[in-house]
Amino acid sequence: MFSKENRQDTFKGIGFVAIFAFAATAIADLPFFSHLQISPLIIGIVLGIIYANTLRHHIPSEWAPGIQFSAKTILRTAIVFYGFRITFQEIAEVGMAGLMVSIIMVATTFLIGAYVGIKYFKMDKDLAYLTASGSSVCGAAAVLATEPITKSESHKSAIAVSTVVLFGTIAMFIYPVLYKMGIFDMDAKTMGIYVGGTIHEVAQVVAVGGAVGGEGANSAVLVKMTRVVMIVPLLLVLGYYIKKSAESAVGGEKTKVSVPWFVLGFVGMIALNSLIPFPEVVLSTINSVDTFLLTMAMTALGMGTYMDKFKTTGAAPVYVAGIMFVWLMVGGYFITKAVVAIF
């Protein structure tokens, strides 16, 4: 990929992805998209898919390694630096109620999504895991983090992300309305815990938390970031489960399992951010660069996604994501109230 003969073309491929990522970032800053809290990650994967299904034959094939590097190595690097968005102090601040809601909702939502998808909708296991991780943890970023564990094709990540966009957007509009109507019978802080524990994307949580206002806005973001950290145990357990399944498939023959380096890096960055009081301008710069790298990764995934591959999955991912959405909204409501009452 970076040999003397291929290096120039690889860098051209990376630069090509970066141009798309810059465009996605600029589009996300437009008032319409900014108001709807649509992140550049989502726009990036859409632009990538459009390219893959229209112009890909007009681009030199020698650039492909650069696109692949963006979808894999840059992706893992971006997940590592995502840790700078969180501190252990913030996790402690949410209290036992927020932590328990996060744990319960991540575990139950993932299990429901994976089980229903594989057992009843006969979904491909990798696609079921990706779709379940997106709904249960933190949307597109969780799908990106899970993709290396499953070693799945890029179009499956794109499908999983599309379900997050669909139902996360629905939640972003429904939650504030139901809260203001009094159907969500909660005080602002409890509502914030509920929002952070059940809505898909971080940006969507920020938008809904702002609509709730007061303590709700702060608790929503804190609980959501606690939920983001749950990606670490989820990936470790999923990786172990996939390993054991592979062993069973080959008659009990042992297969090697290792902790993905980007998971360790992610935890390491959280620890670093917790121990060192970085100036706000430094954290803001790191997070802006990290968002751009994630946008590049999403764009590159989109560039490997061809629409004809969507035909093989049918509507099953949407149905499964819909079931998880109902669980998050209805089950999450009663779980949040019960947990807050206990703690």
Side-chain angles (χ1 to χ4, degrees), residues 37 39-42 75-95 97-110 113 129-149 157 160-161 164-165 167-168 171-172 192-209 217-238 260 262-274 283 286-288 290-291 293-295 297-298 324 328 332 336:
Q37 296 286 329
S39 74
L41 280 71
I42 305 304
L75 162 61
R76 290 161 172 77
T77 303
I79 293 298
V80 169
F81 284 97
Y82 203 86
F84 274 102
R85 301 169 193 259
I86 313 164
T87 66
F88 291 125
Q89 292 90 330
E90 289 173 339
I91 296 172
E93 191 176 330
V94 304
L99 179 61
M100 288 305 300
V101 169
S102 294
I103 293 172
I104 292 170
M105 293 315 300
V106 167
T108 56
T109 304
F110 185 87
Y129 296 149
L130 291 168
T131 304
S133 70
S135 290
S136 61
V137 186
C138 56
V143 175
L144 287 176
T146 307
E147 186 268 338
I149 300 294
S157 295
V161 169
V164 168
V165 175
F167 291 103
M172 193 169 64
I193 294 173
Y194 170 56
V195 167
T198 60
I199 290 182
H200 303 64
E201 288 273 356
V202 174
Q204 294 160 348
V205 168
V206 171
V208 177
N218 187 49
S219 61
V221 175
L222 290 177
V223 172
K224 180 60 183 178
M225 298 317 290
T226 302
R227 197 166 141 215
V228 170
V229 178
M230 295 296 112
I231 193 65
V232 175
L234 175 62
L235 293 183
L236 295 178
V237 172
L238 180 61
F262 65 90
V263 174
L264 295 176
F266 174 70
V267 176
M269 292 306 103
I270 295 175
L272 189 63
N273 193 30
S274 302
L283 290 177
I286 291 173
N287 291 337
S288 295
D290 185 55
T291 297
L293 293 177
L294 285 170
T295 303
M298 289 290 279
M324 286 188 286
L328 284 165
T336 301

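Throughout, numbering of the chain's residues begins at 1 and tracks the sequence. All values reported here derive from a predicted model rather than from experimental measurement.
- Looking at every heavy atom in both residues, I104 comes nearest to T108 through O-OG1, 2.7 Å.
- The distance from the CG atom of L328 to the CE atom of M105 is 4.5 Å, given to the nearest 0.5 Å.
- Looking at every heavy atom in both residues, Y129 comes nearest to F110 through O-CE1, 3.6 Å.
- Looking at I42 and S39, their side chains come closer than 4.5 Å, going by heavy atoms from C-beta outward.
- The line from CG of L130 to OG of S135 is 11.5 Å long, rounded to the nearest 0.5 Å.
- Note that CZ of R227 and CG of L234 are 11.5 Å apart. Values are rounded to the nearest 0.5 Å.
- At a threshold of 4.5 Å between non-hydrogen side-chain atoms, the residues T291 and L41 count as touching.
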What donor-acceptor contacts under 3.5 angstrom involve side-chain atoms of residues 200-209, with partners at least two apart or in another chain?
{"from": "E201", "atom 1": "OE2", "to": "A140", "atom 2": "N", "distance (Å)": "2.8"}
{"from": "Q204", "atom 1": "OE1", "to": "E201", "atom 2": "N", "distance (Å)": "2.9"}

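- With values rounded to the nearest 0.5 angstrom, L272 atom CG is found 9.5 Å from F81 atom CZ.
- At a threshold of 4.5 Å between non-hydrogen side-chain atoms, the residues I231 and T146 count as touching.
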Test side-chain contact (heavy atoms from CB on, under 4.5 Å) on V229 and V267; report intermediate values, then the result. CA-CA 8 Å; V229 178; V267 176; over 6 Å; no

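- To the nearest 0.5 Å, atoms CG (L144) and CG (L75) are separated by 5.0 Å.
- Using a distance-only test at 3.5 Å, with no hydrogens or angles considered, no donor-acceptor pair links the side chain of R85 to the main chain of M225.
- Here A217 pairs with nothing under the side chain to side chain contact (heavy atoms under 4.5 Å, CB included) rule; sequence neighbours left out.
- Within the model, atoms CG of L235 and CE of M230 stand 12.0 Å from one another, a figure rounded to the nearest 0.5 Å.
- Heavy-atom minimum distance, Q89 versus S274: NE2-O, 2.8 Å.
- Between G98 and I193, the closest heavy-atom pair is CA-CG2, 4.2 Å.
- Of all non-hydrogen atoms in L293 and A78, the two that sit nearest each other are CB-CB, 3.8 Å.
- Here the closest non-hydrogen pair linking T109 and M324 is O-SD, 3.5 Å.
- Contact annotation: the side chain of Y194 never approaches that of V223 to less than 4.5 Å [non-hydrogen atoms, C-beta and beyond].
- Formation of a donor-acceptor pair under 3.5 Å by the D290 side chain with backbone atoms of I286 is not found in this model.
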